[in-house]
Amino acid sequence: MDVNTAIIYYSATGTVHALAQAAAEGAEKAGAQVRLRTVAELAPPEAIDARPEWARHRRDTADIAEAGLDDLAWADVVLFGTPTRFGNVAAQLKAFLDSTGPLWLRGGLADKVYSAFTASNTAHGGQESTLLALGNVFHHWGGIIVPPGYTDPIQFRSGNPYGTSHVAGDGPPGEVALEAARYQARRAVDIAAALKAGRAA
Ligand SMILES: Cc1cc2nc3c(=O)[nH]c(=O)nc-3n(C[C@H](O)[C@H](O)[C@H](O)COP(=O)(O)O)c2cc1C
């Protein structure tokens with residue numbers, strides 16, 4: 001049974017993008033149809049150009065499509081990725097979430113599987129508060145929140161039951177974080193597949 005999976009993320013300098021790509025790999029390996037989508041940039045060009053790594057990441061990922069409401073409507077599973085911004089969701093992703101009112105009103109966001117991942121610069125920089133803040137939105141949507149918990153050995157190494165998280169200050173995501181992202185996506189897809197099969201039965 002096809003499980004449509006949208007991975008929707010914001011990334012300024014590539015960390016969350018790397019996790020999103022790993023999540024896409026995990027979902028594909030689980031047999032899902034996958035759409036990898038970013039969201040619109042809100043920062044002015046002069047802010048971006050002032051940080052070469054930000055400008056470079058934008059150039060390198062210019063071919064990734066921006067998410068639309070149609071991607072959410074299509075999806076059985078949505079994984080959201082965001083950098084931590086003062087312990088909270090990045091404005092760019094929040095702006096996209098705030099555009100979903102019409103779809104929400106039609107009940108178009110309910111009963112889907114949701115999960116989230118993040119990065120912060122420091123180890124105690126607000127990863128969990130960011131993931132829980134995204135969870136607030138999923139509650140309002142009537143979503144089925146599927147966190148990774150400690151349901152796989154990789155979780156005892158990567159260490160965040162709320163969702164894959166990486167400390168960007170330590171460098172780009174390594175194999176443990178990438179494997180955790182793949183696992184998180186696979187688990188979300190597997191649970192959505194079971195739900196879909198059960199509903200169809
Ligand atoms: C406005 C702003 C606020 C930030 N707030 C935090 C924070 O609260 N805690 C933290 O550890 N890092 C913080 N950071 C660092 C980002 O979380 C980090 O650069 C990001 O996770 C890297 O992901 P990316 O490469 O996908 O952009 C902040 C960065 C910016 C620009």
Side-chain angles (χ1 to χ4, degrees), residues 5-28 34-67 71 78-99 114-138 147-148 154-155 157-185 188:
T5 302
I7 295 162
I8 300 177
Y9 74 96
Y10 174 72
S11 179
T13 57
T15 313
V16 174
H17 166 75
L19 297 178
Q21 274 194 315
E25 286 165 22
E28 269 161 19
V34 178
R35 292 184 187 179
L36 179 66
R37 300 284 187 264
T38 186
V39 292
E41 183 54 85
L42 301 177
E46 51 277 19
I48 296 170
D49 292 340
R51 288 187 59 197
E53 67 277 27
W54 191 356
R56 187 167 51 244
H57 179 66
R58 260 184 84 67
R59 276 196 306 276
D60 290 350
T61 54
D63 59 329
I64 296 185
E66 285 181 10
D71 295 310
V78 190
L79 288 112
F80 286 102
T82 177
T84 287
R85 293 276 192 259
F86 302 125
N88 218 316
V89 180
Q92 288 85 346
L93 184 63
K94 186 64 167 56
F96 175 70
L97 297 172
D98 289 355
S99 75
Y114 296 101
S115 204
F117 54 91
T118 191
S120 65
N121 221 40
T122 58
H124 300 284
Q127 296 175 341
E128 292 173 8
S129 59
T130 299
L131 295 173
L132 291 170
L134 266 171
N136 288 339
V137 177
F138 307 153
I154 192 67
Q155 288 303 114
R157 300 180 65 201
S158 64
N160 195 335
Y162 299 87
T164 303
S165 303
H166 179 68
V167 178
D170 292 345
E175 197 41 43
V176 170
L178 297 176
E179 187 50 29
R182 290 184 200 109
Y183 168 68
Q184 183 177 358

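Every number for a ligand or one of its atoms is a count from 1 in the order of the listing.
For atom 1 (C) of ligand 1, the choice among R85, H17, H57, Q127 with the nearest heavy atom turns out to be R85. When the heavy-atom distances from atom 8 (O) of ligand 1 to Y9, Y10, F86, W54 are ranked, the shortest goes to F86. Of the candidates N88, V167, T130, T84, the one placing a heavy atom closest to atom 28 (C) of ligand 1 is T84. Closest heavy-atom approach to atom 21 (O) of ligand 1 within the set A119, A12, A43: this belongs to A119.
At distances below 3.5 Å, not a single donor-acceptor pair connects side-chain atoms of Q184 with backbone N or O atoms of P147. A distance-only check finds a donor-acceptor pair linking the side chain of Q127 to the backbone of H166 [under 3.5 Å]. Between the side chain of S129 and the backbone N or O of G87, at least one donor-acceptor pair lies under 3.5 Å.
Looking at S120 and T84, their side chains never bring a donor and an acceptor atom within 3.5 Å of each other.
With hydrogens left out, the protein atom closest to atom 15 (C) of ligand 1 is N121 CB, 3.7 Å, a heavy atom. Annotation: atom 7 (C) of ligand 1 to nearest protein heavy atom, G125 O, 3.3 Å. When hydrogens are left out, the protein atom nearest atom 20 (C) of ligand 1 is P83 CB, 3.7 Å; that is the closest non-hydrogen contact. The protein non-hydrogen atom at the shortest distance from atom 26 (O) of ligand 1 is S11 OG, 2.6 Å. Given atom 22 (C) of ligand 1, the protein heavy atom at minimum distance is T15 OG1, 3.8 Å.
Rounded to the nearest 0.5 angstrom, L178 CG and E25 CD are separated by 7.5 Å. To the nearest 0.5 Å, the span separating CG on L132 from CG on L134 amounts to 9.5 Å. Note that the CD atom of E175 and the OG atom of S158 stand 12.0 Å from one another [nearest 0.5 Å].
At least one N or O atom of T13, backbone or side chain, sits closer than 3.5 Å to an N or O atom of ligand 1. Taking any N or O of R51, backbone or side chain, none lies under 3.5 Å from an N or O belonging to ligand 1. Residue G14 has at least one N or O atom closer than 3.5 Å to an N or O atom of ligand 1.
You'll find the ring centres of F80 and F138 inside the 6.0 Å limit.
Between E179 and R182, at least one side-chain N (NZ, or NE/NH1/NH2) sits under 4.0 Å from a carboxylate O, which counts as a salt bridge.
Heavy atoms of G87 approach ligand 1 to within less than 4.0 angstrom.
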